[in-house]
Amino acid sequence: MTLDLLYFAWVRERIGLPGEAVETAAATVADLVDELRAREPRYALAFADMAAVRVAVDQELRDLRTPLQGAREVAFFPPMTGG
Amino acid sequence: MTLDLLYFAWVRERIGLPGEAVETAAATVADLVDELRAREPRYALAFADMAAVRVAVDQELRDLRTPLQGAREVAFFPPMTGG
Amino acid sequence: MAVRVQAADFDLGTELTLLRSGRTDIGALVSFTGLVRDQDGRLTGFELEHYPAMTEKALVAIEAEAQTRWPLQASLIIHRFGPLAAGEQIMMVAAASSHRAAAFAAAEFLMDYLKSRAPFWKKETTTAGAAWVDARETDEIALARWSSC
Amino acid sequence: MAVRVQAADFDLGTELTLLRSGRTDIGALVSFTGLVRDQDGRLTGFELEHYPAMTEKALVAIEAEAQTRWPLQASLIIHRFGPLAAGEQIMMVAAASSHRAAAFAAAEFLMDYLKSRAPFWKKETTTAGAAWVDARETDEIALARWSSC
């Protein structure tokens, strides 16, 4: 499947991209993160500590165990600091 | 001593006066209330249930046991309902 | 750090703008405004009596107590008296601090104290007649929670 | 019952006036405004990044949750994004109810949820350099208290 990935704040800065489309067979968010980490050191750096990374699947907050079947957009970002 | 008495809200309405000067030898607020009650039924009515009456001596919230020595102004009123 | 007792209405936006004007050290500003409710149309009159010689003194004391409990950069209490119509502003408090917890707590504290310790009395006229508003037992409970702080 | 995400500033007084205009059923109106602190003059830049496709959705969900928990007659969330200067307004929430306890609780709830659940990220530039603001552990604690309600 094709997924639109989005990166925000320091995740974006470490990866060096605001987002990208990827072709993947990852079953869960955790599988997707493993695939990305294996690509290049900048991904490995961005995803080094997943306790510090939040994930949204199709604009809803999810976690590493979330299945990706049917998903279109996955976003990675640090804990939110609005308000 | 001469005391300025002030009445507010339904205490004022029951007594029928916003205030008055009284000559008294009352040692405490409780003594003063007893004196007033003995005067006329409208005072007895206003001070029938002292659990529903608050008192301020010289603009500070006090209670029935407060001594009156040196006091100049005593106010009686129901529990406050501002805000 | 200001208290005003007045018959006239106030402009909430102007007051909140003034409170933070020229300052860049405030992170959180909380305001509370009390309004006259029409009670499903039953309210026909509303009057606020107060004890002029004591009112401002009591409000200043309440504000000073809030200042000792939280690091506030600014605070304000305005309370009106006299006849008011449904929908009108009765009073406001505002508290400004570096962080939101202090600003919220201080504003609630100001309200809880003011409700039970500032000499104001509400008289409502409804279709059922005129009556002094009873103090709510919950107001004393609200006040008690600050004693354990 | 409104949510706005915008780069432009907002007028707090106008928003609060609009919220209650033409209504006589509101007894209590609480507002919170978040402002950019200059941190004793150390702050030289401030930028708010957000996730446009998700932001409004998240804020609408937060507001809807508040509506199910308290009897609110009106509520409002405005959050800005982009570069902001010291002293500028970042965001506001407002909650209107018949009684003060509900209005205060709803406004605090909106803030607590928004802090940890709405996709905004602050980047500060100070004399020590540029850095993304860390989420505070106290924000998660603040959020947890609403679970036991």
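Below, read A as the first sequence line, B as the second, and so on, with proteins coming before strands; counting in each chain starts at 1.
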Of all residues at least two apart in sequence or in a different chain, which pass the ring pair (Phe, Tyr, Trp, His ring centres under 6.0 Å) check with His79(C)?
Phe120(C)
Under the ring pair (Phe, Tyr, Trp, His ring centres under 6.0 Å) rule, collect the residues that match up with Phe32(C), sequence neighbours excluded.
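For Phe32(C), the residues satisfying ring pair (Phe, Tyr, Trp, His ring centres under 6.0 Å) (neighbours in sequence not counted) are Phe104(D).
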Sort Ser21(C) into side chain, backbone, both or neither according to what part of it lies under 4.5 angstrom from a heavy atom of chain D.
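Neither part.
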Please classify the contact of Asp40(C) with chain D as side chain, backbone, both or neither, using a heavy-atom distance under 4.5 Å.
neither
Side chain / backbone / both / neither for Val36(D) at chain C, heavy atoms under 4.5 Å:
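When you check distances to chain C, only backbone atoms of Val36(D) fall under 4.5 Å.
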Side chains of Leu35(D) and Arg20(C): does their closest heavy-atom pair fall under 4.5 Å?
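Leu35(D) vs Arg20(C): side chains touch.
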Counting heavy-atom pairs under 4.5 Å with chain D, the top scorer among Gly41(C), Ala107(C), Ala142(C), Ala103(C) is Ala107(C)
Which one of Met92(C), His99(C), Gln39(C) has the most heavy-atom pairs closer than 4.5 Å to chain D?
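Result: the option with the highest number of such pairs is His99(C).
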Using 4.0 Å as the upper bound for N to carboxylate O, is an ion pair formed by Arg23(D) and Asp38(C)?
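So Asp38(C) does not pair with Arg23(D) through a salt bridge.
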Taking every non-hydrogen atom, the tightest pair across Asp139(C) and Arg100(D):
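Residues Asp139(C) and Arg100(D), closest heavy atoms: OD1-NH1, 3.0 Å.
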Looking only at heavy atoms, which of residues 81-91 of chain D get nearer than 4.5 Å to chain C?
Ala86(D), Gly87(D), Gln89(D)
Does anything in residues 8-19 of chain C get under 4.5 Å of chain D by heavy atoms, and if so which residues?
Leu12(C), Gly13(C), Leu16(C)
